[in-house]
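Just so it is clear: chains get the letters A, B, ... in the order the sequence lines come, proteins before strands, and each one is counted from 1.
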Number of protein chains: 2
Amino acid sequence: MNAVHEASTCAVAATAEIIGAKWTALLVHDLSEGPRRFSELEHSCSGISPRTLAERLRALEQEGIVERHSYPESPPRVEYELTGKGESLLPIIDAMRLFGHSWLPCHHQH
Amino acid sequence: MNAVHEASTCAVAATAEIIGAKWTALLVHDLSEGPRRFSELEHSCSGISPRTLAERLRALEQEGIVERHSYPESPPRVEYELTGKGESLLPIIDAMRLFGHSWLPCHHQH
DNA sequence: CTGGATCCCATTTGATACTG
DNA sequence: CAGTATCAAATGGGATCCAG
């Protein structure tokens with residue numbers, strides 16, 4: 001038990017609160033390839049309800065992970081994009097992807 | 001949208017289910033330095049209840065992330081240790097630690 | 001010391017319908 | 001299209017007491 005380890009613990013715990021929320025890792029992963037619209041995220045996060053998606057996006061916006069861009073057109077268009085802070089989460093997502101590939105065979109049917 | 005990206009999505013989602021559970025990242029981080037006893041983990045995960053700690057450890061054991069070693073002594077001693085699968089989660093934990101250090105100033109008081 | 005059993009509450013998430 | 005409103009359900013997690 002030392003100060004260095006305690007600081008690590010704190011950093012890990014704080015990061016876990018962000019990335020651990022349901023759907024969050026998936027959303028960041030989807031946004032890693034560029035801006036996405038609400039309906040696009042709704043489709044790629046298959047199973048998420050619009051209520052939950054809206055709430056997650058608001059939380060990520062408040063945490064400075066994503067930016068919301070609203071274009072007052074008709075039909076309305078809103079895009080979500082990773083910030084610099086959000087992009088620095090990508091190494092975590094990538095490590096998760098590698099772990100999943102190695103240890104969690106995907107049984108998804110196409 | 002392509003098959004490669006869908007496979008990534010699946011891997012990330014499955015890993016998120018493991019690492020996203022509360023306390024899990026912290027537990028794996030604590031166990032990264034070697035085997036730990038129940039009471040040691042209880043102390044380092046400050047605030048966790050024995051009920052929750054026991055539940056998390058059981059889940060991690062079933063997922064093959066940790067191994068439980070029971071020594072029938074008096075007083076009883078039980079140690080938890082990362083498996084190979086558990087150790088392969090460490091790159092994720094390390095990426096989380098780096099993110100936390102860069103973006104999440106720790107206000108913890110000593 | 002290492003938990004199991006029980007009770008209970010707060011938060012999160014989902015389903016569905018609806019609106020500007 | 002991009003959400004909001006409402007209700008219901010699941011889940012997580014703390015407190016407490018108890019046992020091997």
Side-chain angles (χ1 to χ4, degrees), chain A residues 1 9 12-31 34-63 65-82, chain B residues 1 9 12-31 34-63 65-82:
Chain A
M1 177 75 66
T9 298
V12 171
T15 306
E17 284 191 14
I18 291 180
I19 206 72
K22 199 170 178 183
W23 302 110
T24 300
L26 214 49
L27 285 172
V28 173
H29 175 253
D30 284 337
L31 290 170
R36 289 289 183 272
R37 304 179 62 162
F38 188 91
S39 54
E40 290 177 313
L41 295 171
E42 201 173 4
H43 182 255
S44 56
C45 293
S46 171
I48 196 173
S49 68
R51 177 201 187 293
T52 302
L53 177 57
E55 189 196 24
R56 287 291 90 219
L57 287 171
R58 266 199 306 274
L60 288 174
E61 195 185 350
Q62 288 181 353
E63 292 162 344
I65 307 292
V66 305
E67 268 180 358
R68 180 182 184 274
H69 303 287
S70 176
Y71 304 92
E73 308 169 351
S74 181
R77 181 164 61 98
V78 177
E79 286 188 346
Y80 295 89
E81 185 178 14
L82 287 184
Chain B
M1 178 74 65
T9 297
V12 170
T15 306
E17 283 191 14
I18 292 181
I19 207 71
K22 201 170 178 183
W23 302 111
T24 300
L26 215 47
L27 285 172
V28 173
H29 175 251
D30 285 336
L31 290 170
R36 289 289 182 272
R37 302 180 61 164
F38 189 90
S39 53
E40 291 177 314
L41 296 171
E42 199 172 6
H43 182 255
S44 56
C45 292
S46 170
I48 196 172
S49 68
R51 173 201 189 286
T52 302
L53 178 56
E55 187 195 27
R56 287 291 91 219
L57 287 171
R58 265 200 309 275
L60 288 173
E61 196 186 350
Q62 288 182 353
E63 291 162 344
I65 307 293
V66 305
E67 268 179 0
R68 180 180 186 274
H69 303 287
S70 175
Y71 304 93
E73 306 169 352
S74 180
R77 181 164 61 96
V78 178
E79 288 187 345
Y80 296 89
E81 184 178 15
L82 286 184

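- Under 4.0 angstrom from either OP1 or OP2 of C:dT2 there lies no side-chain N or O belonging to B:R77.
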_Base versus backbone protein contacts along nucleotides 13-20 of chain D [heavy-atom cut-off under 4.0 Å; B, S, -]_ = BBB----B

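- In this entry the distance linking CD of A:E40 with P of D:dG3 reads 13 Å, nearest Å.
- Separating the CG atom of B:L27 from the C1' atom of D:dG12 is a distance of 15 Å, rounded to the nearest angstrom.
- Comparing D:dT4, C:dG3, D:dA2 against the side chain of B:R68 picks out C:dG3 as the nearest.
- Across its full length, the helix from C:dC1-D:dG20 to C:dG20-D:dC1 shows an angle of 50° between the axes of its 5 terminal pairs at either end, rounded to 10 degrees.
- Across the protein-nucleic acid pair, A:R36 atom CZ and D:dC1 atom P stand 16 Å apart, rounded to whole Å.
- We find that CG of B:L53 is positioned 13 Å from C1' of C:dG4, with the value rounded to whole Å.
- Minimum interatomic distance between A:E40 and A:P35 (heavy atoms only, all atoms of both residues): OE1-O, 4.4 Å.
- Rounded to whole Å, the distance from CD on A:E42 to C1' on D:dC1 is 10 Å.
- Close to D:dA2, at under 4.0 Å from its OP1 or OP2, lies no side-chain N or O of A:R58.
- In this structure, A:E79 places its CD atom 16 Å from C1' of D:dG3, rounding to the nearest Å.
- Smallest separation of non-hydrogen atoms from B:L57 and B:F38: CD1-CD1, 4.0 Å.
- Considering only heavy atoms from C-beta on, A:I65 stays 4.5 Å or farther from A:T24 through its side chain.
- In this structure, the separation between CD on B:E63 and CD on B:E17 is 9.0 Å, given to the nearest 0.5 Å.
- Contact of the B:L31 side chain with the B:L41 side chain is registered, since non-hydrogen atoms from C-beta on lie closer than 4.5 Å.
- For A:E81, the CD atom sits in a packed shell: over 12 heavy atoms of surrounding residues, nucleotides or ligands are nearer than 6.0 Å.
- With sequence neighbours excluded, no residue forms a side chain to side chain donor-acceptor pair (under 3.5 Å) with A:E42.
- With rounding to whole Å, B:E17 atom CD is found 11 Å from D:dG12 atom P.
- A:C45 and A:L27 get closest at one heavy-atom pair: SG-CD2, 3.6 Å.
- With rounding to whole Å, A:L57 atom CG is found 11 Å from D:dG3 atom C1'.
- Listed nucleotides: C:dT2, D:dG3, C:dG4. Nearest to the side chain of B:S39: C:dT2.
- B:Y80 comes within 4.0 angstrom of sugar-phosphate atoms only, judged by non-hydrogen atoms across all strands, and of no base.
- Separating the CG atom in B:L60 from the CD atom in B:E55 is a distance of 10.5 Å, to the nearest 0.5 Å.
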